[in-house]
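Below is one structure, written out as C-alpha cells, with a few remarks after it.
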Amino acid sequence: MSSDLAVKTREPDPLPPEKAPFFSRPSGKIFLIWLAMTVVGVLIGFYAPHHLLPTMLSVEGRAVWATVVLLTVLAAPVAAFVYGVGFYSLVAWRQRGYGQSDEPPPDGPPLRGNSGLTILWLVVSGVLVVVMLVWGLAELASENATHPNSLQVDVTGQQWLWTFSYPGAGNLETRSLVLPDNRTIVFHVTSEDVTHGFWPVELGVQVDANPNVVTTIQATTNKLGAFTVRCSQLCGLYHSFMYASGAVVTPQAFAVWLHAHGASALTASDVARVSSSS
Amino acid sequence: MTTTTIEHGGTLEPEGDGHGVVEGGGHHETRAQRHLKERIALWLLVGGDALFLLLELFTWFYLRALNTNGMWRGAACTKANACTDGLGNPITSEIPKAGITYTLVIAALTVVAALLVWWAEVSAQRQSPRRIISAGAGFALLTVLVAVVVQCYQFGQLPFTTIDGAYASSFIFFMGTTLAHLGLLVFILTGLWVRARRGKYDGGHWFQVGIIRFFTAWCAIVTCVLAATVILFA
Amino acid sequence: MTTAAAPALLEDTQLSSRAGGLYRHQNIVTGLIGGIGLGAIGWALSHQFLQGSNWGTDMVVTVTMAGWVIGLLLGIGAFNAPVLWMLGHDQTHEDELYLAGVGQGPRRYWKFCTDHKVVGVQYLIAVFTIFGVGGTLAMMIRTQLVSAHSSFLGANAYNAIVSVHGMAMIVATIIMVTGPFGNFIVPIMVGAKDMAFPRLNALSFWLLFAAVPPLLATFVLGGVDAGWTTYAPLSVQAPPAMDAFAITILTFAVSVTLSGINIIVTVLTMRAEGMTLNRLPIFTWGAVIGSALGLYAMPAFMVGMVMMITDRVSGTSFFVAAVGGSGWLWENIFWIMGHPEVYVILIPPVAAMLEVVSTFARKPIFAYKVTVGAFIAIIALSIMVWAHHMFTTGWAPDLNGPFMLTTELISIPTGIIFLCVIGTLWRGSIWTRLPMYWAYLFLWNFIIGGVTGIYLSDVPADNYFHGDMFVTAHFHYTLLGGAMIAAVAAFCYWFPKVSGRMLNERIGKVAFWMVAIGIQITYFGMFWEGFEGMPRRVAYYDPIFLHANQMATVGAYLLMAGFVVLLYAIIHSWVHGRPAPANPWHAKSLEWMVPTPVPLENFLVEPVVTADPYGYGEPEPAAPAAEPEREPVPVGSAETTAGEPV
Amino acid sequence: MSEKPGRERKPKALGIILTFVAVAIGVAVVAILFHAQTYTSPVGTQVAKSVGTVTVNGQTLQHVTLAFNTYPDASGSVDGQAIHPGGNPSWPSYGPTNQFQVPAHALVTVTMRQYDSGGSLNNPWFATVRGTVGSVARINGRLVHAVNPNNVGHTFTVRGAPGTDPGFFVNVPLPAVPGNNQSDNGQYETVIFSFVSGSQGVYGWNCEYPCGTSVAGFGGPMSAFGYMSGFLHVV
C-alpha cells in the first residue's frame, strides 16, 4: 500500500520448455523424491509395526497390525508428496544469499490457486477416506460379530487391581487371566469405584470399566502365549500398579487350570462346557 | 464472497435521526456502529448461553434416559409410591408438584418482565423516553425481584436436597441457572431504570434499550424452556 | 520513522489529574490485595460456617478460590465501569484515554489497561509464564520416567504434575496466538484503532491472570490426581485441589469466551474501508474462526465444571453412578468441549503460519478461499467428532461407525491446509529467515501428527492405541510440533512489530535446531512406547519400556534446552536487538504499514484498503495513491470533544 | 520522539517477563517439592528384623519379621505412636511407617494390630486371605481363610510394580474392631501372617477397604500416598 514497495518480480524460472525431459522439470524431480519417499514410507509401514508391536495373541490384535500397515501405506504417498514439494522448494527455490539479508528476494509468480489441482486433491483425499472407512467398518463389523460357544469372563476393576471371574465355571475368581486358545472370549467389564481401562495388551482390544455399568468387548484368541492386562485410564494413586498377568493356553491346559483353581466349585459338565474348544 | 452490509461501518456518517458521533473505547464511532457491535456481541453471548442451556438439557435427558440405579426419582415418586434418597431416607412428597407451581410462576414473571421492557422500547419512540423507559424498567425490575424471591422460596420448599439422586440434582441445577439469569436481569434492569431516570436515553439515544429488551427476552426464553422441561419430562 | 513528524500522538496527551477516576488508584498491587484479601475473607467465613459440613474442605477451597478471582478483579478495577454504568454514570473520554494507558509509560502494563497492544503484550508474557511452568513440569515428568521405578516424585506428586502440566499447556496453547496476536495484530490488520470492546479485552486478560494461581495452588491442596481430562468419578473423589482446578477452568473459560466475542465483533464491524471479507488476511480468518469455535467449546467446559463443583461441594449426583449419575455424562460434555478445543488451539496458529509462508515464499497464499473454506469445514466437522475420544469407553458401540466417519472426514479439510502450504511454496522465492524455518518444521511435524491421528481414528486400531503413549505422542506432535511451532513461527514473524527490535536469528537458529531435533527424539520415543503398549500417565512402568522412555527423556531435555535458548534469544533481542524498521519483512498487510512502536489508536490516517495483502509479484494497484490527500488528523486530540457516550 | 519511551520501556518489559516466569516457576517447583515431601516420605523405612531361617515347602529361607498397625486416625492418639507429622491427623492410617524393606525370597512374618472400626468391602473378593503361607492368617489366635466381608477394618494388599514378579500377590483382610472406634479406646484385633517375598523390586501395597472419603470411599487417605498405601522394597 505504501509506495516504497516497488514491485520486484523475479526472473521467470528457467523452466525447461515443454519438450524438456520430464525428470529435468521441477515436477519430474518432485516425482522422483515422491517415489523414493513413498517407497521408504511403505517400507516403514511394513517394518515398524511388525517390530514394535508386541506379539499379538488374537485375531483382533492381528487386525491392529494390519490396520496400521494399511493406513501407513495409504498415507505414505500423501505425506511423501507434501514432503517432496517442501524439500524441493527448499533446495531448488531457496533464494541463496538472502538468508541474512534484510532485503527480500524478488517476488515469486503470483499463483493464487488452481481449481483443477484443488479438486484433484479433494478427490484423492476423499477416495482415501472412503477406503479407510470401508476397511474400518469391515473390521468393526467382524469384531462385533457374535460367536457361538464363546467363553464369558467377568472383569472387575477397582482401585488398583483387576479381578476376573468365570461365570461358566462356578464363578471361579482369580487375579490372573487364563484363556483357552482358538476361542472367542467375551469380557464383561465393570468397576467397583472409578473408571478404569481394561486393556489386555496382546489381545489388541480394550474397553473402559465403568461403575454400575457393564461394558462388553470380545477377542478371539489364535496363538499361545503370555500377555499383560494393563489399566489404560488414569484411575488415581496406584494407576501404574494396576496390571495383571494373563496367558493363552491350550484348551486342555485351560481345563486343568480350572480344575486346579476351582475344583471344589466345579462340576464335571461345567469343566467340559467352559473348556471345550470351538 | 462479496461485501456485506456492515462493510463500511467504519465510515458511517452521522445520521439524521440523532445518531451522532459518540466516543467509545477512546475513539470515534457512530451510534449505529456501536449498536451494531453490541448487538453482534450480544448475539454471540446468547449463542454461548444457548449452548450452556442445551448441554444442561442434554444432561437432564441423558440422566433421565439412563436412569442409573433407578435413581431418576422424577415423576415416579408419589405419595403412594415413595422413593428413597441417596442415604436411604424416604422421599415422601410428590417431587414435581412443589417444583412445577413455582417454576411456572417464575417463568411467567420473566415473560412479564420481558414484555415490560419491550413495551418501554416501543412506547418510548412516541412518548417521553425518560418516563416510559424508567417506568418499564422499574416495573420489570420489581417483577424480576419477585421472581428471585419466589425462586428462593421454592428452594426452601423443595422436598428433596442435592443429595437425592439425579433428578434432584438436575432440578436444582435448573433452578441455579434460572437464578443466575435473574441475577443478571436485576443488574441490567437496575442500570436501565437508573439511567432512564437520569435522562441517559432522552433524545432518542436508546438503542441500549433494544439490546436489553433482547437479553430480557432471551432470559424469558431460558426460564420458559427450563420450566417446560421440568413440567413435561419429570 | 515518519511518526516523528506527527505533531500530537495520543501518548503525549496531557490528561487532567482527575482522569481515570478510581482507576488512577488501581493496579496489580491493589488487585493482589483485593484477591488475597477477599480470598482470606472467604476462607475465614467458610472455615467458620461450612467446614463442619459433609463437604467442608471442598467448600472452603471453592469459596476461597472464588474469593481470590472476584477480589482480584475488584481490586484491579474490572467491575468499576459496569457498576458505574448501573448507577447511571459514564466514563468520560479522558477516563477512557487514561484507561488506554496515556502518559503512564511502562506502568500501564501492570494495570487494567484497555489498549489492545498492551493487552497483547500482557498476554504474551502470561503465555511465556504458563509455558515456562508447563515445560518445567514436563521435565519433572520425564525425569521421573527416566527409570522404571524412580522415586523422584512418587505417585501423588506425579499425578498432580501430569494434571497441571496438561491443563497449563492447554490453557497456554488456547491463548498463545489469539491472546497476544489476536489482540495486538488483528485490530491493526483489519485497520481498526482498537478492539471492539477495549474494557472487555482487559477483563479477559485479567481473568486469565486470576485463573493461573488456583491452578498452581492445586499442588498444596493435595494435587489433582485425575489428569487434565479429570474423568469422573475419579475427579469427584480427588483431593480439594480439584475445586481449585475447577475454579481455574471456569475463570479461564469466561476469559476465552469474552476474548472470542471481542475478536469476532472487531473483525465483523471495525474493518477499514475497503477491507472486504475477500481481502481479510488469512490470520484474521483464523482468529475469527478459532474464536467462534471457542465460543462453542467453552460453555461446555463451564457446564461440566459447574456440575463437577456441585458434585464435590454439595453432593449432587451428575457423575456418580451409585446415586444416578454417569461418568459418561462427564466424558461426553468434556469431549464436546475437548475436540473443538483442539481446533481452537490449532486454527489460529496455522493461519498465522500461512501468513509467514506467504511472506517468505514471496507469493500469494495458494487457494485462499478454499483454505478459509477448509477452516470453516474443520470447525463444522469438529463439533461432530467428540466421541472418537470415547471409542473404547463402551458408551455407545453403535455410534463408533458414524464417529469414525466424521473423524476421518476431517482429514479432508485438514489436507487442504497442506495443499495451501505446498501450493504457496511451489515456485516461490524462498527467503530463509527464521520464521520460515519454523514454518517448515510445522510442515514436517504436522504430517506426522496427522498420519498418526489417522491410526487413532480407526476404531480397531484405536482399540489398541487408546490410552497409551502413542496417543500422547500423537497429540504432542499436533499440538506442540504443529500448533506451538506454528505459533513460534508467528511469534518470530511479529516480534519486530511487538517489541520494536529484530530477533537475533543466529541464536534463534540454534534454538530451532535443538527444538526440531528434540521433538523428533522425544516423540518418536513415545511412539515406540506406545507401540509396545505402555499406558499413559503412569509413574512406574514395566522395564520393557525402559529404552523408549530414556530416548524420550533425552529428547525432552534437548527440547526444553532449545526453548530456553529461544527464550534467551527473545530476551536478548528485546533488550539489545537491532531496532526494527516498520516493515522488516516487506510484507503487505496493514500491521506492517503502521510505525513501530505502534502508536495509540494505531493509524495516523484511516487506511483505505484496495487489495488483499498477498499481491506478491503482482503490479501494485493504483488506488491508494488517492488516499493520502486527507490531512493527517491525530485522532483523539483536543479538537474532538468528549461526546456523551451511550 | 517515540523512541525515548520505547527505550525505557524495553528493559521493563524484560523485567516483567523474567519476574513472572521466575515467580511462577519458583512457586510451582516449591509447591511440588513441598507436596512431594508431604506425601511421599512419612517417617522412614522399617527394615525387617532377621530371626534366623525357616523351612517352607522343603526350601530353607531366611526368616524376617515386620510389625506395624492400622489406626483410626493418624494423630498417634491410640497407642502413642505418632505417624504423620502434619498432614491430616484425622485420617485413618498405617503406622508407624508405610515403607517396609525385606530381603528377596525370604519368609516374612507380619504382626499387626488393627485398631479401627470398619464395614463392607466394595469387592468381597478381598475378604479372603490370599498369597500367604497356607492361604491363612492368624487372627486373634485363630487360623482363618477368610473373614466376614461386611466387617472388615482394612486390608493389607500387596503386589509388584509393573514388570516385577507379576505372580506375587498377598491379600490379608483385617477384621474390624466392634463398634465405632473413633473414641480411640485402644481395642484392637491381632493379625499375624507369613508370606514369601518375591524377587527384588518395588512392591506396592494398599488397603482395599473403602475407608476414605467420597463416592466409593477411595478419596482422601486412600488416594494420598502414606496413609493407606505404601511400598514394600524387596532387596
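Just the heavy atoms: all of them, side chains too, but no hydrogens, waters or symmetry mates, feed the values below. These numbers were taken from a predicted model, which means no experiment stands behind them. Chain letters run A, B, ... following the sequence lines, proteins first, then strands; residues in each count from 1.
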[X] portion near chain B, given a 4.5 angstrom heavy-atom threshold:
{"X": "Val320(C)", "result": "neither"}
{"X": "Ile336(C)", "result": "side chain"}
{"X": "Asn332(C)", "result": "side chain"}
{"X": "Leu87(C)", "result": "backbone"}

[atom1] of [X] to [atom2] of [Y]: how many Å apart, nearest 0.5 Å?
{"X": "Leu55(B)", "Y": "Leu329(C)", "atom1": "CG", "atom2": "CG", "value": "9.0 Å"}
{"X": "Leu268(C)", "Y": "Leu44(B)", "atom1": "CG", "atom2": "CG", "value": "7.5 Å"}
{"X": "Lys37(B)", "Y": "Asn262(C)", "atom1": "NZ", "atom2": "CG", "value": "8.5 Å"}
{"X": "Phe52(B)", "Y": "Phe301(C)", "atom1": "CZ", "atom2": "CZ", "value": "13.0 Å"}
{"X": "Arg34(B)", "Y": "Thr269(C)", "atom1": "CZ", "atom2": "OG1", "value": "11.5 Å"}
{"X": "Leu45(B)", "Y": "Leu200(C)", "atom1": "CG", "atom2": "CG", "value": "8.5 Å"}

Closest heavy-atom pair and its distance - [X], [Y]:
{"X": "Leu63(B)", "Y": "Ser326(C)", "result": "CD2-N, 4.0 Å"}
{"X": "Leu51(B)", "Y": "Pro299(C)", "result": "CB-CB, 4.0 Å"}
{"X": "Arg195(B)", "Y": "His89(C)", "result": "NH1-O, 3.7 Å"}

For this session: Would you mind reporting whether Trp85(C) and Lys200(B) have side-chain heavy atoms less than 4.5 Å apart?
Result: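 When only atoms from C-beta onward are counted, Trp85(C) and Lys200(B) do not touch, as no gap falls below 4.5 Å.
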
Exercise. Are the side chains of Gln33(B) and Met270(C) in touch, meaning some heavy atoms are under 4.5 Å apart?
Worked result: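 When only atoms from C-beta onward are counted, Met270(C) and Gln33(B) do touch, with a gap below 4.5 Å.
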
Exercise. Which of the residues Arg199(C), Met86(C), Arg279(C), Met298(C) is involved in the greatest number of heavy-atom pairs with chain B at under 4.5 angstrom?
Worked result: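 Ranked by heavy-atom pairs under 4.5 Å with chain B, first place is Met86(C).
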
Exercise. Quick one: of Val306(C), Ile333(C), Val265(C), Asn201(C), who has the most non-hydrogen atom pairs under 4.5 Å with chain B?
Worked result: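 The candidate making the most pairs under 4.5 Å is Val265(C).
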
Exercise. Between the side chain of Thr162(B) and the main-chain N/O of Ser314(C), is any donor-acceptor distance below 3.5 Å?
Worked result: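 Checking the backbone N and O of Ser314(C) against the side chain of Thr162(B), a donor-acceptor pair under 3.5 Å is found.
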
Exercise. Would a distance-only check, ignoring hydrogens and angles, find a side-chain to backbone donor-acceptor pair under 3.5 Å from Ser317(C) to Gly165(B)?
Worked result: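 Between the backbone of Gly165(B) and the side chain of Ser317(C) there is a qualifying donor-acceptor contact (under 3.5 Å).
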
If you count every heavy atom of other residues, nucleotides or ligands that lies below 6.0 Å from [X] atom [atom1], does the total exceed 12?
{"X": "Trp193(B)", "atom1": "CH2", "result": "no"}
{"X": "Phe61(B)", "atom1": "CZ", "result": "yes"}
{"X": "Arg64(B)", "atom1": "CZ", "result": "yes"}

For this session: Pick whichever of Thr161(B), Thr59(B), Ile188(B) has the most heavy-atom pairs under 4.5 Å with chain C.
Result: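 Highest number of heavy-atom pairs under 4.5 Å: Thr59(B).
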
For this session: Anything under 30° is parallel, anything over 60° is perpendicular, the rest tilted; go ahead and classify Phe318(C) against Phe173(B).
Result: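 Taking Phe173(B) first and then Phe318(C), their aromatic rings stand perpendicular (interplane angle over 60°).
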
Exercise. Given a strict heavy-atom distance threshold of 4.5 Å, which part of Ser170(B) is in contact with chain C: side chain, backbone, both, or neither?
Worked result: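 Both parts, backbone and side chain.
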
Problem set entry | Phe187(B) portion near chain C, given a 4.5 angstrom heavy-atom threshold |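 The answer is both parts of Phe187(B).
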
